[in-house]
Amino acid sequence: MRTQVAIVGAGPAGLLLAQLLHNEGIDSIVVENRSREYVEGRIRAGVLEQGAVDILNAAGVGDRMRREGLVHDGFEMRFHGQSHRIDLARLTGGKCITVYGQHEVVKDLIAARVTTGRPLLFDVADVRVTGIDTKHPQVAFTHERKSHVIDCDFVAGCDGFHGVCRAVMPAHILRIYEKVYPFAWLGILVDAPPVQNELVYAYHDRGFALFSMRSPTITRLYVQCAPEDELSEWPDARIWHELHTRLETKDGWKLNEGPMLQRGITPMRSFVAEPMRHGRLFLAGDAAHIVPPTGAKGMNLAVGDVAVLARGLAEHYGDGRDSLLDRYSEICLRRVWKGERFSWHMTSMLHRFPGNDEFQWRMQLAELDYYTGSVAGRTTIAENYVGLPIEL
Ligand code: FAD
Ligand code: DHB
């Protein structure tokens with residue numbers, strides 16, 4: 001097999017890169033080690049920044065998102081049973097976020113890829129990347145019990161945090177920055193109409209909780225739990241009790257309950273691998289960086305990375321200039337670190353940290369009070385939440 005760009009991983013990063021390259025007339029092969037059903041059913045992120053929405057629209061994959069996505073011009077931060085609205089549109093000159101499930105983005109991107117007729121292979125195994133220091137890297141894998149090798153010009157490592165591409169970078173050039181948080185999120189998808197149409201991030205003495213949604217009939221909820229907790233320790237009644245307790249307000253705000261359609265526990269980590277490029281291998285999305293989900297940044301950072309990479313590759317194949325590809329890591333990391341900072345800050349402000357003393361609790365509450373009570377504080381949160389620009 002021969003292609004210009006071999007893409008490892010069919011998450012949002014790999015699939016969007018494939019679409020952006022196709023639009024530039026650049027050939028690619030996408031290999032994914034899971035099945036199409038699995039990838040299309042994987043419930044994860046829900047919030048798209050304005051910039052990510054613009055990129056998906058410009059890529060020609062925004063039709064269903066424009067019809068079904070829920071545009072929000074604000075969200076709430078809640079503590080002491082009181083809500084404080086962050087008016088995104090007013091504080092950012094009209095910018096909004098769109099609530100549209102990551103698996104819906106993935107479905108739209110897969111449908112678009114299939115329409116192009118270019119290769120997208122699911123259920124591959126034993127992916128191995130070699131020759132990234134040469135002009136002729138290769139990606140070997142097995143598919144339907146046969147061995148294959150892709151000869152290519154570039155490899156895009158879009159294979160997520162547990163993928164194989166990051167490990168191909170020489171250990172002596174890779175710097176890892178990591179922070180693991182002493183808590184996790186238990187997330188549920190509920191067959192019940194959302195009680196209101198804006199998200200709520202709640203701080204409570206018993207821990208963090210988040211109210212979100214996927215559609216006018218499906219609610220999405222998260223509750224802070226211990227990282228070692230098992231789902232078996234969280235029967236329905238316990239989940240509902242914690243959600244009601246952490247989210248309810250003094251003026252009688254109450255969640256709609258319903259059957260739980262899906263549940264899972266997500267560990268929380270901040271992680272950055274630098275640089276994001278070595279030789280002919282480019283890392284993008286979760287393969288290079290992870291954020292705790294409190295700032296809703298993970299999928300959006302992945303979209304930003306591949307937008308930069310696609311432009312760099314378009315320049316390379318267009319007029320032979322490599323100046324953008326050469327600055328890929330630097331351009332992405334500037335934005336990534338700001339996403340890391342915001343995600344860490346929202347996480348630090350809104351969670352109960354086991355072992356924190358009374359002074360630290362009061363600092364956290366004062367911070368929440370400041371950020372929600374001052375126009376400057378709310379503006380800072382709003383500007384980051386709707387997404388910082390990509391600075392080329
Ligand atoms: P992934 O989605 O992980 O895709 C990588 C792909 O590579 C996968 O399909 C995987 O199967 C495949 N793969 C792995 N190894 C190999 C291999 N060896 N060979 C071939 N294929 C391989 N982000 C937001 O922006 N907003 C949110 O609201 C938000 N909420 C979240 C809530 C939860 C509960 C979780 C878990 C995450 C959330 N995120 C959020 C983060 C977001 O889901 C990720 O940042 C996003 O999935 C990154 O996309 P990606 O394509 O880089 O990686
Ligand atoms: C959702 C997930 C997040 O991490 C977040 O910050 C907001 C919403 C969601 O899944 O809807």
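Only this structure's heavy atoms are used, side chains among them; waters, hydrogens and symmetry mates stay out. First listed ligand is number 1; within each ligand, the first listed atom is number 1. Residues take their numbers from the sequence shown, with the count starting at 1.
- When R64, R42, R67 are each tested for a salt bridge (Lys or Arg N to Asp or Glu O under 4.0 Å) with E104, only one passes: R64.
- If you look at N300 next to ligand 1, the close heavy atoms, those under 4.0 Å, come from the backbone and the side chain alike.
- Close contacts between ligand 1 and G46 involve ligand atoms 27 (C), 28 (O) [criterion: under 4.0 Å to a heavy atom].
- Assignment of M346 to the shell around ligand 2 is not supported, since no heavy atom sits closer than 4.0 Å.
- For P12, the heavy-atom gap to ligand 1 drops under 4.0 angstrom.
- Near L199, with a cut-off below 4.0 Å to any heavy atom, the atoms of ligand 2 are 7 (C), 8 (C).
- For ligand 1, none of its N or O atoms has an N or O atom of G14 under 3.5 Å away.
- Heavy atoms of Y222 approach ligand 1 to within less than 4.0 angstrom.
- Counting heavy atoms under 4.0 Å from ligand 1, residue C158 touches it through the backbone alone.
- Put simply, CG on N256 and CG on D191 are 11.0 Å apart, with the number rounded to the nearest 0.5 Å.
- Ring geometry, W185 versus H351: the interplanar angle falls under 30°, so the pair is classed parallel (tilted spans 30 to 60°).
- Polar contact check, L210 against ligand 2: no nitrogen or oxygen pair lies under 3.5 Å apart.
- Near R44, the atoms of ligand 2 lying under 4.0 angstrom from a non-hydrogen atom of the residue are 10 (O).
- Residue contacts with ligand 1 for L301 are absent, since no atom lies close enough (heavy atoms, distance under 4.0 Å).
- Using a 4.5 Å cut-off between side-chain heavy atoms of Ile, Leu, Val, Met, Phe, Trp and Tyr, with links allowed through other members, M363 and F79 fall into different hydrophobic clusters.
- Counting heavy atoms closer than 4.0 Å to ligand 1, residue T266 contributes side-chain atoms (C-beta onward) but none from N, CA, C or O.
- Ligand 1 lies less than 4.0 angstrom from a heavy atom belonging to R42.
- Among protein heavy atoms, atom 40 (C) of ligand 1 sits closest to A45 CB, 3.0 Å.
- Looking at R34 against ligand 1, only its side chain comes within 4.0 Å, counting heavy atoms.
- An N or O contact shorter than 3.5 Å links Y201 to ligand 2 by distance.
- For the residue pair H289/D305, the side-chain donor-acceptor check at 3.5 Å is satisfied.
- In this structure, K338 forms no cation-pi arrangement with F342, as its terminal cationic atom is not both closer than 6.0 Å to the ring centre and no more than 45° off the ring axis.
- Seen from the ring of Y385, K297 counts as a face-on cation partner, given the 6.0 Å and 45° thresholds.
- When the side chains of ILVMFWY residues are joined at heavy-atom separations under 4.5 Å, either directly or via intervening members, M299 and V39 end up in a single hydrophobic cluster.
- In F161, neither the side chain nor the backbone holds a heavy atom less than 4.0 Å from any atom of ligand 1.
- The shortest contact between atom 42 (C) of ligand 1 and any protein heavy atom is with Q102 OE1, 3.3 Å.
- Here the heavy atom of the protein found nearest to atom 19 (N) of ligand 1 is V127 CG2, 3.4 Å.
- The shortest N or O to N or O distance between S212 and ligand 2 is under 3.5 Å.
- For atom 51 (O) of ligand 1, the nearest protein heavy atom (residue, atom name, distance) is A13 N, 2.9 Å.
- Counting heavy atoms closer than 4.0 Å to ligand 1, residue K297 contributes backbone atoms (N, CA, C, O) but none from C-beta onward.
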